[in-house]
Structure formats: C-alpha cells, structure tokens
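These notes are about the structure you will find just below.
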Amino acid sequence: MRKIIFVTGNSHKVAEASYIMSGIGIKVEQNNCGYPELQDENLEKIAGFGAQWAANKLNCEVMVDDSGLFIEALGGFPGPYSAYVFDTLGNEKILKLMEGETNRKAVFRCVIGYCKPGYEPRVFSGEVAGVIAGGIRGNGGFGYDPILEVGGITFGEMPDEEKNSLSHRYLALVNFAGWLEE
Ligand code: ITT
C-alpha cells in the first residue's frame, strides 16, 4: 500500500484523511514536525510552500492541509487566520460577532499541498458552502464544526461518515486522489 506522510499537528485532519484515502488504497501517516506558515491571504500559497518545505526537510513525499472558514458578513474573516482565531476567540465569540447578522453565509475551504523532494509543489482545493448556526450544536468533529451548518445540520451534528462524504476536506482529497491515480 502506498504511504504518504501528512505533516500536520492536527490529528483530526489525519483521521479524516486516513478514512477518505483508505478508499483508494493510500495509507496516511502523521508527522508532527510542523512547517513555516507563510503570512498570506491565499491558502494555496500557504499549502504549496509548506509542502515543499516539509518534503525537502524530511526527504520524502508529503502532504499538508491548510483550511479556513470564510464568513461573508465578516469580509471573509477569519479565512487564512482561522487557526489563530479559533485559539484566541473560539466559537462562542465568533457567534457573538455574528449576533443580529442576517447574512450568515460562510464557506469552508481546504487546500491540500503535495510535494516530492526537489520538485515544485501541487495544490488541490475543495470547498463547501454553509451558514453560521445560531448556536453551538453537536459534539462531533472538531474546530468550527459545531457552528457551520450544511444542509440544515452542523458538521458537529453529523456522523463522521457523513461529514467525510461532503466536506471541504473530502472534496480537496478527491481532487488529490484523482491526480495521484493518473
Ligand atoms: P496544521 O496547520 O498543523 O495542519 P491546524 O489545526 O493549525 O493544523 P489550519 O491552520 O488548517 O490547521 O486550521 C485552521 C483552523 O480551522 C483550525 O482551528 C482548525 O481546527 C479548523 N479546522 C480545520 N479543518 C476543520 C474542519 O474540517 N472542521 C472544523 N474546523 C476545522
């Protein structure tokens, strides 16, 4: 079975990617070595740079995942700053910022970066449109899952298999897997 090192500190991402990639016979293994995160608005640039840096450092093919929640009424905030904002504000304060806001549209984006040592990186993206819920709902998933509603329920309320069949990460990984299989 082909194995790809997934450089991330987030074990939830690894669990989701393992589940999705096992369907096409690829084993995903976490490496927690980290990578420098470019200060950029563009998730593709961040993921591509990170993948290339990690592939050259570890001297093997790697994948990374840079994800972000883009809330329309907040001008796309927190977007590329989603990890920092989750750690500093968290879901409750995001909901406070959205109090009284009628436009609750949001998009969750995931960009998978892939690179082999000495090569240019490739990036594969996926996104899912939803709305910011009125409150925190569901114990499933991680991060922003309990406040992003897709099709009437939050990712936090969905069984894992359901989130993994329609999420931003699933769609990015389908693009990545299609390219790997070529
Ligand atoms: P790595 O950079 O080490 O991979 P991270 O958790 O810092 O891990 P990101 O910068 O991509 O990763 O994360 C952006 C934020 O969005 C972070 O707070 C995540 O917990 C959250 N997040 C990412 N994917 C998510 C998902 O599928 N559902 C809910 N929240 C998610």
Main-chain N/O of [Y] paired to [X] side chain as donor or acceptor, under 3.5 Å:
| X | Y | value |
| --- | --- | --- |
| Ser165 | Glu162 | yes |
| Asp145 | Phe142 | yes |
| Thr154 | Arg137 | yes |
| Arg104 | Ile132 | yes |
| Glu16 | Lys13 | no |
| Asn91 | Gly143 | yes |

For Asp40, salt bridge (charged side-chain N to carboxylate O under 4.0 Å, His left out) partners two or more places apart: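 Asp40 satisfies salt bridge (charged side-chain N to carboxylate O under 4.0 Å, His left out) with Lys45 only.
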
Qualifying residues under salt bridge (charged side-chain N to carboxylate O under 4.0 Å, His left out), relative to Lys105, sequence neighbours excluded: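 Per chain and number, Lys105 pairs via salt bridge (charged side-chain N to carboxylate O under 4.0 Å, His left out) with no residue.
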
Using a 4.5 Å cut-off on heavy atoms from C-beta on, say whether the side chain of [Y] contacts that of [X].
| X | Y | result |
| --- | --- | --- |
| Met63 | Ile5 | no |
| Ser67 | Leu43 | no |
| Glu181 | Ile24 | yes |
| Leu97 | Phe77 | yes |
| Leu69 | Leu148 | yes |

Set of ring pair (Phe, Tyr, Trp, His ring centres under 6.0 Å) partners for Tyr114, sequence neighbours left out: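 Ring pair (Phe, Tyr, Trp, His ring centres under 6.0 Å) list for Tyr114, sorted by chain: Phe176, Trp179.
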
Spacing of [X] atom [atom1] and [Y] atom [atom2] [to the nearest 0.5 Å]:
| X | Y | atom1 | atom2 | value |
| --- | --- | --- | --- | --- |
| Ser82 | Asp66 | OG | CG | 8.5 Å |
| Tyr19 | Arg169 | OH | CZ | 14.5 Å |
| Ile26 | Phe6 | CD1 | CZ | 13.0 Å |
| Ile147 | Leu95 | CD1 | CG | 5.0 Å |
| Gln30 | Cys33 | CD | SG | 10.5 Å |
| Asp65 | Ile112 | CG | CD1 | 4.0 Å |

Carboxylate-amine/guanidinium proximity below 4.0 Å for Glu61 and Arg2: yes

Neighbour count above 12 (heavy atom, 6.0 Å) for Asn139 CG: no

Glu92 atom CD, neighbour heavy-atom count above 12 within 6.0 Å: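 No.
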
All side chain to side chain contact (heavy atoms under 4.5 Å, CB included) counterparts of Lys93, not counting sequence neighbours: Leu89

All side chain to side chain contact (heavy atoms under 4.5 Å, CB included) counterparts of Glu99, not counting sequence neighbours: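 With sequence neighbours excluded, Glu99 shows a side chain to side chain contact (heavy atoms under 4.5 Å, CB included) to Lys96, given in chain and number order.
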
ILVMFWY cluster membership beyond Tyr119 - transitive side-chain contacts under 4.5 angstrom: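 Its cluster partners, ordered by chain and number, are none at all.
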
Return the minimal non-hydrogen interatomic distance between [X] and [Y], and the atom names on each side.
| X | Y | result |
| --- | --- | --- |
| His12 | Asn10 | N-OD1, 2.9 Å |
| Gly113 | Ala51 | C-CB, 3.6 Å |
| Ile71 | Pro78 | CD1-CD, 4.2 Å |

Ser167 vs Phe155, side chain to side chain contact (heavy atoms under 4.5 Å, CB included): CA-CA, chis, key distance, verdict: CA-CA 9 Å; Ser167 74; Phe155 272 162; 4.1 Å; yes

Distance-only polar pair, side chains of Glu41 and Tyr81, donor-acceptor under 3.5 Å: yes

